[in-house]
2 protein chains.
Amino acid sequence: MLVTRRLNLLLRTIEKTVSDKHASLSIAVSEPSEPKVVTDIPGPKSKQLIQELDQIQNVGAVHFFCDYDNSHGNYLTDVDGNVMLDLYTQISSLPLGYNHPALINAVSKPENLSTFVNRPALGVYPPADWVSRLQNVLVSVSPPGMTQVQTMACGACSVEHGLKAIFIKYMSDKRGGKAPSKEDMESCIANEAPGSPPLTILSFSNSFHGRTMGALACTHSKWLHKLDFPMPAWPHVRFPDLKYPLEEFVEENRAEENKILEEVEDKIEEYNKKGLPVAGVIVEPVQCEGGDNFASADFFQGLRDITSKRGLGYLMDEVQTGCGVTGKFWAHEHFNLTDTPDIVTFSKKMLTGGFYNKSSFRPKEGYRILNTWVGDPSKIALLGEVVNVIKEDNILDEVKVTGDYLLSGLKQMQVKYPGMLSKSRGLGTLSAVDFNTAATRDKVMANLRKKGVHTGSCGEKTLRFRPTLLFQNKHVDVFMERFDDVLSQFEK
Amino acid sequence: MLVTRRLNLLLRTIEKTVSDKHASLSIAVSEPSEPKVVTDIPGPKSKQLIQELDQIQNVGAVHFFCDYDNSHGNYLTDVDGNVMLDLYTQISSLPLGYNHPALINAVSKPENLSTFVNRPALGVYPPADWVSRLQNVLVSVSPPGMTQVQTMACGACSVEHGLKAIFIKYMSDKRGGKAPSKEDMESCIANEAPGSPPLTILSFSNSFHGRTMGALACTHSKWLHKLDFPMPAWPHVRFPDLKYPLEEFVEENRAEENKILEEVEDKIEEYNKKGLPVAGVIVEPVQCEGGDNFASADFFQGLRDITSKRGLGYLMDEVQTGCGVTGKFWAHEHFNLTDTPDIVTFSKKMLTGGFYNKSSFRPKEGYRILNTWVGDPSKIALLGEVVNVIKEDNILDEVKVTGDYLLSGLKQMQVKYPGMLSKSRGLGTLSAVDFNTAATRDKVMANLRKKGVHTGSCGEKTLRFRPTLLFQNKHVDVFMERFDDVLSQFEK
């Protein structure tokens, strides 16, 4: 064993030395230059596997099976050998694309081995390197003004525990800092007031925050996510429905947003009067699943003003918008808020779930925000590599360049196909365009896939772009050429 | 890169050949023979790290920091060099102890590399080997009579989505198989009936099912988990409070359980009449966090009878009791139920969350039970090694042997210290003993730690044992010698 281990350590060190530098360069080399489609998608092998998986679980959501060993960078290969430019990237959860050398390196690093093997109960028995990992990785990219961070396993759990931090803060304020009473402690065990108070969270129509009960209660996008589940009677108001192009509808859009901010105040009053006080507001900086709906910095500042004035929590859900996709590390940095949100949740491209919080939203007692694993240090090991690549290769600048190029391409397509396309919009590479109908959108997506471009939809009739952080102008060209081709066939 | 990869592949193959066989043997060799305590616990290095972590998050639950690189088998080493026999094993989540060669092997296997690097959106784009992994790992250890399995990231999510499967089944039955109406689909988006019906889940006092809103609504153990959080008004009834020794209180315990089964029926009737119909019952086969409370097979059969008769879902939460700790792979196998539970949730020692379900509890539509990751194939790669070790080394038999030895030791201690100890109980190595007071229990745990034995508590005044699956009689001896020593000091 000892000899093997020493040999392995040596080889890992060699491997590290070779691959450590210019990681993004190597991926560029190994990536295909264009898509290659050799069968229908899903092809025969995918279909066979879908049939087999159907014996074990519902397969209604499975698109195709993937050959991850042979996927590289922005290109996803399926089990039938089809090579697709991936603009959806595992529901927007791949920061550096497939098989990035920096991530391969992280798994191979000898000092990480025990991290992958021994998953600890992080909140109780953290590993020796946990503080430095948190500092070098999560704290190093924390949103401006936020110093506190808590890891979690996934996006929904991050939202659930972020909401809990808001409830704890609200009730702690209400107790005036006093310890909870015996009645508080006993009644909460039975789900009863006063220990379990009838607090609510205000959310927005078309929002998506996750699929566990608390996160789902704030979600209002599609019936498939919500049907048949009992839900608390929490309030929601419309999300702004901006008119495009934005520069032509400045007044109208401002009026729309101001009206909604008034509705937010009214709804809070209404629920407070009903005995269902609103403890906080949850919002995505860009609504993703609900249709890539943008609102202005003024709107988000308005929500900050309302929540600050009333002493409510303000949760910015950056599960899909964080980790640099908008050209800033956190999308809400674009808003230049006068005061930071109270909670910022993350997951997906961050590889670990979790949330940042203001010090004032940090629970005073231990064990209040906890579970067995509270995340996974091996995901932080991987995220550490991602953060290094982002910093060393100035990825945020790259994202801005590619994002501008993508958006200008979409706008050109919109001019060329005005009957089909509208509302080209984006921030960094997080961008989208609407179709005239859902049927057209779906048909275009199917035809794009036949040409080896894999995309994702959202909302009612929106095509959304969720490429990797290493998506470049040349990839935009590969997409745009095929997009134009597909759209032109519709015009005929 | 290519040369390095080939070299690495070769070395990994060598390593595999060396370590593949007799994995548990090698761990036995590298494991210390007894604890070694060199500082207070937490020691100076732990204290320093706790202080540093306190800058980033609440540290109220942190016991000490660990040196996982230098922890082996059943022995956990902290950052101050203290070596402890670990009877709590990361809140019962370590199947094979620290740095087991089979798990090191899994991380090093070349065919697993891409699995650790590319985490997919499993429910939409599964990897080529996903079906065979599911079959060889999760399906191969499925509870008798259950063919369907769904992975999830953690225990709470497993419970949340298991409950959702129950709600879907209940409403689908109510619709008589018909498609949901337009009203159903529209109302659920706003958290309103009929699409979001006021269904409830019946749970038991002292239960623990997780910390997200739905799972927490079924949890009734400690106020620290629940205070300040709004909770749905779901019903719960007492869990049986059995008298020990069981053989002396057969009639009393049967009467207690029968009374509670009646209370369950009454509570269901009460909630149905209130317009809050009960859609399912959730229960742990042994209540863990709530105090290691056991009930008889008859009680669990009674719950099966009630739920079957009424067409309700029966969720057996095996997050802490599964993966062989009771001497059977699933604790509920001890009950020999006439019909399997409808949902069996798992996590912790299984390394992945998830749930098994009966075919009738499989949602008909895709996207109903889903999230971005729906688990993590790299955890299944690790679990595959665990399952192999369990099968090849007949670990379940070992667990029975060690469990019997541990329980008989506890009973001897109980005879020796009748004023302090009571209710020695266990199934496999999942065992516990009660103290006369919480203060004594806590003091004994502190003194045990000074002797290098790390234990966990549960309930009001219970010491619980949650060792690895490789815990053997010799480890029991190490513990029992120190336990006796600590208890004897109290007697003086």
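Just so we're on the same page: letters track the sequence lines, and every chain starts at 1.
Only the backbone of B:S221 comes within contact range of chain A, with heavy atoms under 4.5 Å apart. Neither the backbone nor the side chain of B:A156 comes within less than 4.5 Å of any heavy atom in chain A. In this structure, the portions of B:I168 lying under 4.5 Å from any heavy atom of chain A include both its backbone and its side chain. Contacts between B:R362 and chain A at a heavy-atom distance below 4.5 Å involve the side chain alone, from C-beta outward. Residue A:R211 touches chain B through both its backbone and its side chain, counting heavy-atom pairs closer than 4.5 Å. Only the side chain of B:H236 comes within contact range of chain A, with at least one heavy atom under 4.5 Å from a heavy atom of that chain. Of the two parts of B:V139, only the side chain, counted from C-beta on, holds a non-hydrogen atom closer than 4.5 Å to a non-hydrogen atom of chain A. Heavy atoms of B:Q90 lying under 4.5 Å from chain A belong to its backbone as well as its side chain. When heavy atoms are compared at a cutoff of 4.5 Å, B:D54 approaches chain A by way of both its backbone and its side chain. With a 4.5 Å cut-off on non-hydrogen atoms, A:S378 touches chain B through its side chain but not through its backbone.
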CA sep, side-chain torsions, deciding dist, call: A:K164, B:D228, salt bridge (Lys or Arg N to Asp or Glu O under 4.0 Å): CA-CA 8 Å; A:K164 285 164 77 170; B:D228 298 337; over 6 Å; no
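Residues B:M213 and A:P232 share a closest heavy-atom pair of CE-CG, 4.0 Å. The shortest non-hydrogen separation linking A:K222 to B:I189 is C-CD1, 3.4 Å. Summarising the geometry of B:A128 relative to A:V79, their closest heavy-atom pair is CB-CG1, 3.4 Å, with the distance given to 0.1 Å.
Separating the CZ atom in A:F229 from the OG atom in B:S196 is a distance of 9.5 Å, to the nearest 0.5 Å. To the nearest 0.5 Å, atom CG of residue B:N118 and atom CD1 of residue A:I104 are 7.5 Å apart.
Ion pair A:D184/B:K226 not flagged as a salt bridge, since none of the NZ, NE, NH1 or NH2 atoms sits closer than 4.0 Å to an Asp/Glu carboxylate oxygen.
A donor-acceptor contact shorter than 3.5 Å is absent between the side chain of B:Q57 and the backbone of A:Q148.
A:F64 and B:Y125 have tilted rings, their planes meeting at an angle from 30° to 60° on a 0 to 90° scale.
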